[in-house]
Amino acid sequence: MCRLIALTSEEPLSPMIALRALDVMREGHDGSGVGLLLRDLAGPFENMKDAPILSGIFSEKGLKRLDRFMMDVGFMTKYRMSFKSPKTPPPGVPRRDVYLVRAYEYPEEWENLSNGELYSRLLILRLELQRMGEEKGDMIVFSFWPDTIMIKEIGEPLDLAEHLNINRMDLGARVIMAQGRQNTNYEINLYACHPFFIQGFSTMTNGENTAFIPIKEYMMSRGFQGYTGYQSDSEVFTHILHYTISQLGLSIEAYKHVITPLQDEDLKNHPDYQFLKQLKHSCRKLITDGPNCVIGCLPDHSLFMAQDRKKLRPGVVGGREGLFCFSSEICGLDAAIPDRDKNKDFQPMHLDTAIVGPDRKEVTICCQTQQLPHLH
Amino acid sequence: MLSNTAITPSTLSVKDLPWQILWNKDKCTLCGKCTAICPVNAIELGVFRKRIVQTSLEPGATQSSDHSIFYGIRQKTDPAYSCVGCAMCSLVCPNDAIIPARSDEADKLRFHINKGGRPRTRGGRRNVPGSLLDQIKFIRISMLTDPALDAGRHEFELRTLLGRVLSPEENLKFVEKNGWIPPVREIYPLIIGGMSFGALSPTMWEGLQMGVAYLNEELGMPVRISTGEGGCPPRLLRSRFLKYVILQIASGYFGWDEIIHSIPEMKVDPCAIEIKYGQGAKPGDGGLLMWHKVNSLIAAIRGVPSGISLPSPPTHQTQYSIEESVAKMIQSMYMAWGFRVPVYPKISGTSTSLSVLNNLTRNPYAAGLTIDGEDGGTGAAYNVSMNHMGHPVASNIRDCYLNLVKVGMQNEIPLFAGGGVGKTGNLAANAAALIMLGASGVQVGKYIMEAAAGCLGSESDRCNICNIGLCPKGITSQDPRLYRRLDPEQVAQRIVDVFISFDIELKKIVAPLGRSTSLPIGMSDALGINDRAAADRLSIKYVV
Ligand code: SF4
Ligand code: SF4
């Protein structure tokens, strides 16, 4: 079972906070890998919020191919954050040539594109780069999106932090999501590492998605290019989130009604019965049935946690105004925000979605039996 | 028979028959119960002559040779009266003195059941025991990050949808704009498939309906039952129980005059309308109710004269093609109930099922598709159709489901599988396998007759005389002397038993797979089979 931690803060934080909290929760992961998502960036990226940032791991050859490719499409490097790591990695960590985090300038002819068109082009480019990388085994691309950095690697969280010098001054973010892996495969594929990301939506999950195959088949048949990959059964949670909000135009409060709809009795008593019944029918293929705690982040930098229908996974949210943390375990929360009012810690139950909005003022608990926000 | 009498080509001995009656002279009390109950008069009181030679070693003693007679049971060898192995004689024998035994080799009778050029007709299923469905195992036990769920403790919602489900995008748009959203029923995934009033006896039908009503009203299980093609009793049409009933319309339109005329008086809508285009047991053949069974009650409900055979045409005569059917028939049925009742076709398993499905995907009304595989049962059909015609249901369902996945409509047109589900008694396992291959639910008929009413038929060709109205259990007979043997209350009780135990078994299957809140439709990663060709064909895992 993996361990998860997510932070949202008014003041930029170093990702080390999250990695140390993961270390505290080490009983729940085996140090087989870390995934890190940073958004609402500080430091050098503070002033280039619109510039798409490419994150990934490249071999020297791969980097050359990347440069040629990006040049052909018309992207110019705007800023590069280089990770100088020692030649010999710590035990368990593979040798890599380049960990890349690079912000780009859009090609000129992209400048007047609508947001929708821009987002879909960025997505297509990322998929193309991933495909190229898979072909030759020389690049792994995690994300290509404005104001977003993703780092994933195999190894102990703290070893990796030191190896990559994560503690550096210029790496700061206001939204941080991190997962410590519990490996269930012999060969670790970094594309199977949480968090997953698509067009500003990201989630990480612990548990097992027992309805994976039908959901995957359904997502792949939606005719949306980005619904692909699925090296991990948890990636569908990210895509369902994207589908719910971006394709269906629903709000985060509806997400849980899609993945874990109410049962008949509760549904009948719900003020939005008619709507929810329809949603349950037409999104039946997206119902997840496993033990899962989903922690995610929306394009507006809201963070949320939703539990499975049976509440078989741990999960807690706590903090204070301006700084909140979602964690698999209380010890992780303690490590991240020791000085908070612990009485206000909240463990979302089987009907709850806990949300901290972009203003980071409070934790909003949305219970599934409540009326939904106005449906447009 | 004397050894020098003339014989005909169809003169058979007891050995040539499929079933031999073993009768024990010592135990028999000559009560006559067996000969009275035998549905086909295969046995009669026999007078046997026996020579007794009495010799003595004493010199001078008289040696005699006497003839005596004794009475007993004689099995007839005339093909028209051959034993069907039903074992009703054993059932009634007070001393266990009689039992039928299956012949140790293929019988010779089969070459002769075509007197007057009429091929054999019968009821039952394809005479091939065993089922591929039984070979499918559930292999993806959720052990990875969790213990599996508890079938007895966790909440379960094992429901399925019958009806055209819109895509999420369309659905939300229609909700918002107040557009017409096709009716969708939330039902239990085990449906009692079409067995008509007429094919079944009144007591059997009543028992089924009572059982279904009890399951719904007392146990909250939304079980549905199809009428088959034979209309529906007028009182049921006008009762609140109609909502548990799927009205079937087939090529003979039997009973539909009554149904259409009662629409204004219906208190509730029926669950759905099933348009039968084909039946797995006898593809390409219409329904058939032999004259033996068409008494005045059946005739009245079906709107026909009594005492005549009722063959439904193989095709809907007013239709030119299935495309046209989809367009016309589905639409007119929708119109009849003001677009409030789902309408879907039922076809027999066929290698052309994908084309049918293709048509349905392009019709915005089609509420589902039922595919009835080659192992489906019937009340009456030609033996050749039952044994040799049709398509196995597993690959048919799988192909259709994967095709829907390809076009992204796997949630929009629910597929239902029928034909041989539970053929060897493994109802829940077979149903779960079909659901994980892509079916939204299953239909059962023969299993229900066996489990709820004690039908004796088998795929070793036991009994299977449902067509001639002589059902020894009173299940498929219209003769009051026979159907009085069946107590509707007890049938209802058995229906309830069957569904409750099915439900427990289904939970025992899905819970270890980590599923409970939604039916695992298309969860093919859970399936494995130890036959490589079948695994490839069904796109599931090959396991040894
Ligand atoms: S087994 Fe059935 S058909 Fe055969 S003799 Fe006995 S009662 Fe008659
Ligand atoms: S017992 Fe009745 S229903 Fe069963 S096979 Fe015999 S005749 Fe048919």
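Proteins get letters first, then strands, A, B, ... in listed order; numbering begins at 1 in each. Model, not experiment: these values are computed from the prediction. Heavy atoms only: backbone and side chains are in, while hydrogens, waters and symmetry mates are out.
- Listed options B:Val405, B:Val175, B:Leu404 were ranked by heavy-atom pairs under 4.5 angstrom with chain A; first place goes to B:Val405.
- Looking at B:Phe156, only its backbone comes within 4.5 Å of chain A, counting heavy atoms on both sides.
- The contact list for residues 517-527 of chain B toward chain A, using heavy atoms and a distance under 4.5 Å, reads B:Thr517, B:Ser518, B:Ile521, B:Gly522, B:Met523, B:Ser524, B:Asp525 by residue number.
- In this structure, chain B has heavy atoms under 4.5 Å from both the backbone and the side chain of A:Arg284.
- In this structure, A:Tyr243 and A:Tyr227 have perpendicular ring planes: the angle between them is above 60°, well past the 30° mark.
- With rounding to the nearest 0.5 Å, the separation of NZ in A:Lys285 from CD1 in A:Ile215 is 9.5 Å.
- Aromatic ring pairs are classed by plane angle as parallel below 30°, tilted from 30° to 60° and perpendicular above 60°; the pair B:Phe339 and B:Tyr365 is tilted.
- Heavy-atom distances place both the backbone and the side chain of B:Asn411 under 4.5 Å from chain A.
- Proximity to chain A (any heavy atom under 4.5 Å) is shown, for B:Thr160, by both the backbone and the side chain.
- Note that OH of A:Tyr218 is 10.5 Å distant from CD1 of A:Ile240, once rounded to the nearest 0.5 Å.
- Using cut-offs of 30° and 60° for the angle between ring planes, the A:His242 and A:Phe224 rings count as tilted.
- Salt bridge absent: A:Asp23 and A:Arg3 never bring a charged side-chain N and a carboxylate O closer than 4.0 Å.
- At a 4.5 Å heavy-atom cutoff, A:Thr260 makes no contact with chain B through either its backbone or its side chain.
- Rounded to the nearest 0.5 angstrom, B:Leu166 CG and B:Glu412 CD are separated by 7.0 Å.
- Ranked by heavy-atom pairs under 4.5 Å with chain A, the first of B:Glu155, B:Lys406, B:Arg159, B:Lys173 is B:Glu155.
- Checking A:Glu208 against B:Ser142 by side-chain atom types alone, a donor-acceptor pair falls below 3.5 Å.
- The pair B:Arg240-B:Glu217 meets the salt-bridge criterion, with a side-chain N (NZ, NE, NH1 or NH2) lying under 4.0 Å from an Asp/Glu carboxylate O.
- Taking a cutoff of 4.0 Å between a charged side-chain nitrogen and a carboxylate oxygen, A:Lys268 and A:Asp264 do not qualify as a salt bridge.
- Only the side chain of A:Lys280 comes within contact range of chain B, judged by heavy atoms closer than 4.5 Å.
- Neither the backbone nor the side chain of B:Glu170 comes within contact range of chain A, judged by heavy atoms closer than 4.5 Å.
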